[in-house]
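One structure below.
Order of appearance sets the numbers: ligands from 1, and atoms from 1 within every ligand. Computed from a predicted model, the values in this text were never measured in an experiment.
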Amino acid sequence: MKYADVIVDISAEQLDRHFQYRIPAALENSVYPGVQVEIPFGAGNKVIRGYVMQITNQPDYDPKKIKDIRSLCERSETVESRMMELAVWIRKTYGCTMLQALRTVLPIRQKTERHIKKKIVRTAEKEEILSRIQEERRKNHRARERFLCYVLEHEEAEYSSCIKELKLNAGILKAFEKEGVVRIVDATASVPMKISGMHRDMPILTAEQVKTLTEIREEWERQEPRPVLLQGITGSGKTMLYMHLIEQTLREGRQAILLVPEIALTYQNVERFCQCFQDKVAILHSRLSAGEKAQQFERARNGSASIMIGPRSALFAPFPNLGLIIVDEEQETSYHSEKTPRYHARETAVERGRLEKAHVVLGSATPSLEAAWRCEQGLYKKVELNSRYGRHGLPTVYITDMREELKSGNRSVFSRQLLTSLRECLDRKEQALLFLNRRGYAGFISCRMCGYVIKCPHCDVSMTMHRDGRLVCHYCGRSKSPVNVCPSCGSPYISAFRAGTQQIEEMLHREFPEARILRMDMDTTRHKNDHEEIIRTFGEHKADILIGTQMIVKGHDFPEVTLVGVLAADMSLFSADYRSAERTFQLLTQAIGRAGRAEKAGCAVIQTYHPEHYAIEAAAVQDYGQFYQQEIGYRELMGYPPASSLLAIHVSFTDADRLDMAMTYLKRFLERITQKAEVQIIGPADEAVAKINDMYRRAIYIKGKDEQLLKILREQTEHYIEINKGFEAMYIQYDLNA
Ligand code: ADP
Ligand code: ZN
Ligand code: ZN
């Protein structure tokens, strides 16, 4: 006998309140989580509608008292039922309970949140935090390390319970806020977004922009319009096109969603839309309390707003007649949710578009491999914008080979080309940005003589050094003993890759005693407003050189900067991740784009031990196609997404031995159920950070061509873990193609 847990009230805080019904034999094959059914309800057996949340074999109470489901409902065309369908898809794709999926697509007020006064919101990128963790660990700052580990795991946290749980003092949190790691926000205060009164007309488009817009409209007129990838270099006017597309959508009486990475959610960006569309715009951002977010969603539901702008949760705005979803900077990692279900907003946007027959536009200067690959397969339509609006062309790019520098006796971190370019830049009284790329934190081992990097032969990603000196692969868990001489050229200059912004500043002072130098890193941003102060000072040209990590590359526009130096491009190239080349290409393209953005021509110097690497060569000439061809070849060869699918099973627990035992059993189970399947099981292995907050962390990966099969394997794994005592109290997360 099978039973279904049915919820009857989907509107408010009642989601976890369900009623159990028996599934009659005739309906056994057609009742599944998410389906709408008619049920006799209450003492009078009044027939009402409800949604099935879960199916079990276990009656909650005396089976004689359990009533039968009456019938299935016809597929209805309400927003609610479409959101339910989306939840079903999320559950099947990413792995979670129906309740978790429903909570994701119906972001409603939750009771407990009303009492929250302050909350902590992570603002730094995960890679940045990972490298800080290592730094604090070295300095033995226990409390700071503890907090960083916590922030790594939680995008948002409640203030007072976090302080209590981690035994911190408020000063530490304040310091991190000043350093730009977190923001502490009042979760109850209302922060209304001010809208400028002046109404602006639609911008007049350039000839190229008009042509691209026409191509998009042609796609929309097809029988089955495909999602569109708008690939346009920075400053080519993608935002202008978004405005035109949104305007058309509103004219047709439909509504639009614009997803932006949180980092881009600055006032200036949003203001353009507000000026154009006035009070039709609803905005979500992390400073809003749960109640205010609910208000914005209510405006979408009741028709007082027609455009929702925000980070990934804005995707779930309950518009009655959604016509368009735009995902700006679709390659950004912040679209990947870190909470279960770990959905990807870009993929989910495409699915919501399909369910609602809404158009989907993905915008990027450096598209994700996923989006580009689907264009190639004919699943998406690609359109392009290739010229910048009224600006100079590309900067001149120099790639300097650091192996050659060493051979000719230059042991400094600056190449001769960079020094020359800096000298010229200073002589012209212009400004320079020096960028120390710390995405993908230090830890890999390389040879300064020949550039050789130690990689796992099975996974082709860099191995990283553990504290005991062993080299470990974070995909398959294989390890090997430390090396003292380069296996390729025999030189002794083989070691972990390290360079700090402070040493670089000192060396720069020695080279250019007259230059005014600013440094932006964790040490120089300890005090209140330091961060803004540095940006402002540099923006007013009160300094000549700004040194910093990737935080100086994103988001800020300095018109006087004519030189960008990338000190060690390899740092992100060899992070222990199959996406490291993609990230490097994106980052370098962004960095190069920072040079000579206004009236002055610019130049960029990229220092590397791997000048021949395709990610670096392609970034230098800003040739996405060239990069893509190489990268997709690598993904195909190694069976990484998007060429193949990759399911990650992350498990963490306080007891390392019990965790390892559970992982061994899990691996055996997976091997057993996949004997005849075309999949590869990899691991178990330590995660990149193997222990956080006293929780040990391991992962198993499953690679396979057939995504559907991986979803089935995940469901079987969920079931195995559920019935297995060995996994009790362990924390489990799944990632599909992350
Ligand atoms: P992207 O989003 O591709 O980086 P934007 O749409 O932000 O580019 O455009 C870059 C800059 O060029 C903006 O300052 C914008 O105002 C200007 N711009 C682009 N196209 C036009 C246009 N057709 N008319 C006026 N200004 C434009
Ligand atoms: Zn070597
Ligand atoms: Zn490996």
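Under a 3.5 Å cut-off, the side chain of Asp577 and the backbone N or O of Ala581 do not form any donor-acceptor pair. Of the possible donor and acceptor atoms, none in the side chain of Gln231 sits under 3.5 Å from a partner among the backbone N and O of Ser364. With hydrogens and angles ignored, the 3.5 Å screen pairs a side-chain donor or acceptor of Glu582 with a backbone N or O of Leu369. Between the Ser644 side chain and the Pro641 main chain, no donor and acceptor come within less than 3.5 Å of each other.
Near Leu205, with a cut-off below 4.0 Å to any heavy atom, the atoms of ligand 1 are 23 (N). Atoms of ligand 1 found under 4.0 Å from any heavy atom of Met240 (numbered from 1 in listed order, with element): 6 (O), 15 (C), 16 (O), 19 (C), 20 (N), 21 (C).
Counting non-hydrogen atoms of neighbouring residues, nucleotides and ligands closer than 6.0 angstrom, the CD atom of Glu678 reaches no more than 12 such neighbours.
In this structure, His344 and His336 have parallel ring planes: the angle between them is below the 30° cut-off, well short of the 60° mark. The aromatic rings of His359 and Trp220 lie parallel to each other, with less than 30° between the two planes, well short of the 60° mark.
Not one N or O of Pro203 is nearer than 3.5 Å to an N or O of ligand 1, by distance alone.
Side-chain N/O atoms of Ser368 and Arg346 include a donor and acceptor closer than 3.5 Å.
The closest approach between any non-hydrogen atom of Gly232 and ligand 1 is not below 4.0 Å.
Take a cut-off of 2.8 Å around the Zn ion (ligand 2): the protein N, O or S atoms inside it are Cys447 SG, Cys450 SG, Cys486 SG, Cys489 SG. Below the 2.8 Å limit, the Zn ion (ligand 3) has as protein N, O or S neighbours Cys456 SG, Cys459 SG, Cys473 SG, Cys476 SG.
Counting heavy atoms under 4.0 Å from ligand 1, residue Arg272 touches it through the side chain alone. Contacts between Ile204 and ligand 1, counted as non-hydrogen atom pairs separated by less than 4.0 Å, involve the backbone only. Counting heavy atoms under 4.0 Å from ligand 1, residue Ile233 touches it through the backbone alone.
Residues meeting the side chain to side chain contact (heavy atoms under 4.5 Å, CB included) test with Lys703, sequence neighbours left out: Tyr640, Leu646, Gln680, Ile682. Remark: His458 pairs with Cys456, Arg478 by the side chain to side chain contact (heavy atoms under 4.5 Å, CB included) rule, at least two apart or across chains.
Using a 4.0 Å cut-off between charged side-chain N and carboxylate O, Asp686 and Arg698 make a salt bridge. Between Arg374 and Glu370, no side-chain nitrogen of the basic residue sits less than 4.0 Å from a carboxylate oxygen of the acidic one, so the salt-bridge criterion is not met.
Here atom 20 (N) of ligand 1 lies nearest to Gln209 when heavy atoms of Arg388, Glu208, Lys238, Gln209 are compared.
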* To do: Go through the steps for Phe574 and His610 under the test ring-ring contact (aromatic ring centres under 6.0 Å, His included), then give the verdict.
  => CA-CA 11 Å; Phe574 298 106; His610 295 265; 4.8 Å; yes

